[in-house]
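The structure presented is a predicted model; accordingly, all values stated were derived computationally and were not measured. Throughout, protein chains are lettered first and strands after them, A, B, ... in sequence-line order, and every chain is numbered starting at 1.
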Amino acid sequence: MVMRPTLLNSCARAATAAEARFRVDVPIGGQRATRVVALDDGASAVVRQVAQQKWGGARFYTYEPRPRSVAVDAELADIVLRSTDGSEARLSEELDGADAMVMIATADDGAEAASAIGNACTLRSIMTAGLILGEGRAAGAAVSALRPHARVLMRSKDEHDVTDVLKALRA
Amino acid sequence: MLAPETNELLTRTGPGTPMGELFRQYWIPALLAEELAENESPPVRVKLLSERLIAFRDADGRYGLIDEFCAHRGVSLWFGRNEGAGLRCAYHGWKYDVTGQCVEVPSEPEDSRFCSKVKLTSYPLVKVGDILWTYMGDPAKRPDLPEFEFTQVPPEQTYTSKRWQESNWLQALEGGIDSSHVSWLHSAGLKNDPLFKGAKGNDYNMADLKPFFEVVDVDGGLFIGVRRNAEEGHYYWRITPWVLPSFTMVPPRGDHPMHGHLWIPIDDENCWVFTFDYQPVRALTADELQAMKDGHGVHNENIPGTYRPVQNKDNDYLMDREAQKRGETFSGVKGIAIQDSSLQESMGPIVNRNKERLVSADSGIIKARAKLRAAAEALRDEGITPPGVDAAHHRVRSVSIVLPKEASFIESCRDAAAVSPGVRQTSV
Ligand code: FES
Ligand SMILES: [Fe+2]
């Protein structure tokens with residue numbers, strides 16, 4: 001038997017502003033745990049700024065390439081990050097419970113870190129995104145460095161995009 | 001997620017609103033040329049950016065787009081008579097030319113100058129391709145006419161349709177940018193639709209359902225690249241351009257025509273979707289043209305004599321659960337265009353973006369909103385001309401291409417993503 005709509009809200013005509021009042025309205029629960037890592041100096045400056053704003057579950061880090069920072073632990077490279085409060089943090093620990101990883105780069109200095117982060121996230125089924133700021137050769141190199149390791153890449157001329165993207169993602 | 005005040009800013013396009021002012025910097029489609037097919041055609045009611053207007057074509061073939069209502073006592077000029085050099089109000093016979101200038105007030109004495117003091121608001125209306133375009137902004141800042149490739153090729157190479165969508169323009173536009181829905185909502189179309197099927201790219205599409213996304217900021221808007229695995233060492237890329245404020249193109253498939261849309265606000269709760277298909281270097285075949293007229297591909301079937309889709313919210317878009325079960329459609333709704341409109345209208349007239357849960361795959365949408373907002377604010381606060389006004393920004397193409405893994409799509413496609421007259425599209 002073909003059912004015919006009886007009330008307005010049982011058909012597509014309910015897509016009105018008036019009917020929108022009856023949408024279930026509960027606060028959006030479940031914070032998303034986002035990790036934001038600046039892969040080079042240019043990116044670090046931006047991320048330190050952005051970290052000052054009010055965020056939900058987001059945590060912010062910078063990466064400073066140092067010879068000792070890449071320790072090969074079994075097959076998986078772990079790296080040391082610096083939290084925006086200045087403390088040191090191990091990538092493997094910081095990824096615990098994370099939902100999304102956003103890497104910020106302005107050049108390809110952080111290529112090694114991007115690869116370590118990308119692999120660690122793949123292993124843990126954590127979504128990866130990369131935001132490349134700036135134009136020209138350095139940014140182009142950053143794109144190539146990040147492409148294999150970020151499911152989503154955004155190439156932008158505007159630093160505000162870091163905040164915009166994180167806000168849109170409810171970080 | 002978008003803060004409520006930003007949602008307001010981006011969705012409201014009436015006079016005096018920041019986004020309304022933004023739209024008034026561009027030439028925008030007002031109606032199809034077929035709606036005023038000949039001199040002295042019946043006048044057509046047109047609502048654009050929340051302004052009610054009337055379009056007509058006088059005996060000399062001049063197009064006019066003027067205030068819908070007579071300056072005398074507010075009667076709709078749709079009831080007017082299209083008489084020689086103007087439109088005469090049916091009530092007391094006041095007559096207006098295509099510039100809105102009143103040229104006759106019959107009740108006044110023979111040589112009275114009174115009518116010269118009466119002028120209705122009017123906007124230019126110009127035919128470019130199959131569309132009549134208007135510019136509703138400051139005449140002093142009127143830009144060059146649009147140069148989108150589908151409007152520049154010979155008439156036998158291009159086809160445009162339009163449909164009414166009962167939602168705000170922005171959620172419609174966002175569908176054009178949102179590449180990640182295609183493998184779901186439109187999956188069946190790749191197999192069945194005469195304007196899609198058979199392309200090699202379709203196999204890559206269906207074989208890799210977890211694509212990677214890349215969004216690149218360019219002067220006129222964005223390029224959104226989606227890559228999937230292809231043969232060893234290669235990716236299949238689908239590249240969608242967006243030009244501000246609301247021009248998008250779908251990446252092509254094989255030798256099928258290229259297509260895209262312009263999403264134009266009627267008012268804050270309705271928009272026109274202008275849908276085009278064209279071939280850069282050859283005429284459309286009779287079969288292709290017929291398929292478009294029958295509503296295949298990205299077109300749709302309208303109720304005869306109207307631009308309202310046959311499948312609409314009054315009939316639940318002719319939902320067919322059996323076809324869904326058989327796998328002929330993913331959502332149960334037939335046709336790419338109405339698959340989109342049914343879902344976008346279901347969001348409500350203006351979706352509450354404060355309730356969304358965007359994911360990183362939505363980056364194209366996130367960036368497009370950011371660009372629209374930045375452009376509207378820069379115009380409002382500093383008078384800066386927005387991206388997409390310059391006709392050079394119109395000369396873009398969508399692309400589908402297989403590239404070596406290490407290649408950057410934007411560097412590799414500089415030529416392919418630009419219009420080169422006489423050069424075939426880059427398509428797999
Ligand atoms: S899955 Fe995207 S709107 Fe529901
Ligand atoms: Fe769609």
Subject >> Within residues 317-326 of chain B, residues adjacent to chain A where the heavy-atom gap is under 4.5 Å >> reply: B:Tyr317
Subject >> Heavy-atom check, side chain of B:Ser408 versus side chain of A:Arg147, under 4.5 Å >> reply: yes
Subject >> Within-4.5 Å side-chain heavy-atom neighbours: B:Glu406 and A:Ser144 >> reply: no
Which atoms of [X] come close to chain A, meaning under 4.5 Å heavy atom to heavy atom: side chain ones, backbone ones, both, or neither?
X: B:Ala3; result: neither
X: B:Val226; result: neither
X: B:Leu2; result: neither
X: B:Glu214; result: both
X: B:Phe223; result: neither
X: B:Ser363; result: both
X: B:Arg227; result: side chain
X: B:Ile410; result: side chain

**OP:** Output the residues of residues 158-171 of chain A for which the shortest heavy-atom distance to chain B is under 4.5 Å, in residue-number order; output 'none' if no such residue exists.
**Re:** A:Asp158, A:Asp161, A:Asp164, A:Val165, A:Lys167, A:Ala168, A:Leu169, A:Arg170
Closest non-hydrogen atom pair, [X] against [Y]:
X: B:Asn354; Y: A:Ile28; result: O-CD1, 4.2 Å
X: A:Met127; Y: B:Ser360; result: CG-OG, 3.3 Å
X: B:Val359; Y: A:Arg32; result: CG1-NH1, 3.6 Å
X: A:Ala15; Y: B:Pro349; result: O-CD, 3.3 Å

Checking [X] against chain B: side chain, backbone, both or neither under 4.5 Å from a heavy atom?
X: A:Asp25; answer: both
X: A:Ala150; answer: backbone
X: A:Ala100; answer: neither

Give the member of [options] that has the highest number of heavy-atom pairs under 4.5 Å with chain A.
options: B:Arg373, B:Lys405, B:Met347; value: B:Met347
options: B:Val216, B:Ile366, B:Leu358; value: B:Leu358
options: B:Glu345, B:Glu166, B:Arg369, B:Lys210; value: B:Lys210

Once you round to the nearest 0.5 Å, how far does [atom1] of [X] lie from [atom2] of [Y]?
X: A:Lys157; Y: B:Lys371; atom1: NZ; atom2: NZ; value: 5.5 Å
X: A:Thr16; Y: B:Lys313; atom1: OG1; atom2: NZ; value: 6.5 Å
X: B:Phe212; Y: A:His149; atom1: CZ; atom2: NE2; value: 10.0 Å
X: A:Cys11; Y: B:Asn315; atom1: SG; atom2: CG; value: 10.0 Å

Subject >> Stepwise side chain to side chain contact (heavy atoms under 4.5 Å, CB included) test for B:Asp217 and A:Met154 >> reply: CA-CA 8 Å; B:Asp217 193 356; A:Met154 188 191 286; over 6 Å; no
Original post:
Can you tell me if NZ on B:Lys334 sees more than 12 non-hydrogen neighbours from other groups inside 6.0 Å?
Top reply: no
Original post:
Which one of A:Ala20, A:Ser156, A:Ala129 has the most heavy-atom pairs closer than 4.5 Å to chain B?
Top reply: A:Ser156
**OP:** Apply side chain to side chain contact (heavy atoms under 4.5 Å, CB included) to the pair A:Arg13 and B:Asp314, showing each step before the final yes or no.
**Re:** CA-CA 6 Å; A:Arg13 290 171 67 185; B:Asp314 290 343; 3.1 Å; yes
**OP:** Tell me, with the steps shown, if A:Arg137 and B:Glu411 meet salt bridge (charged side-chain N to carboxylate O under 4.0 Å, His left out).
**Re:** CA-CA 11 Å; A:Arg137 198 171 284 279; B:Glu411 313 299 346; over 6 Å; no
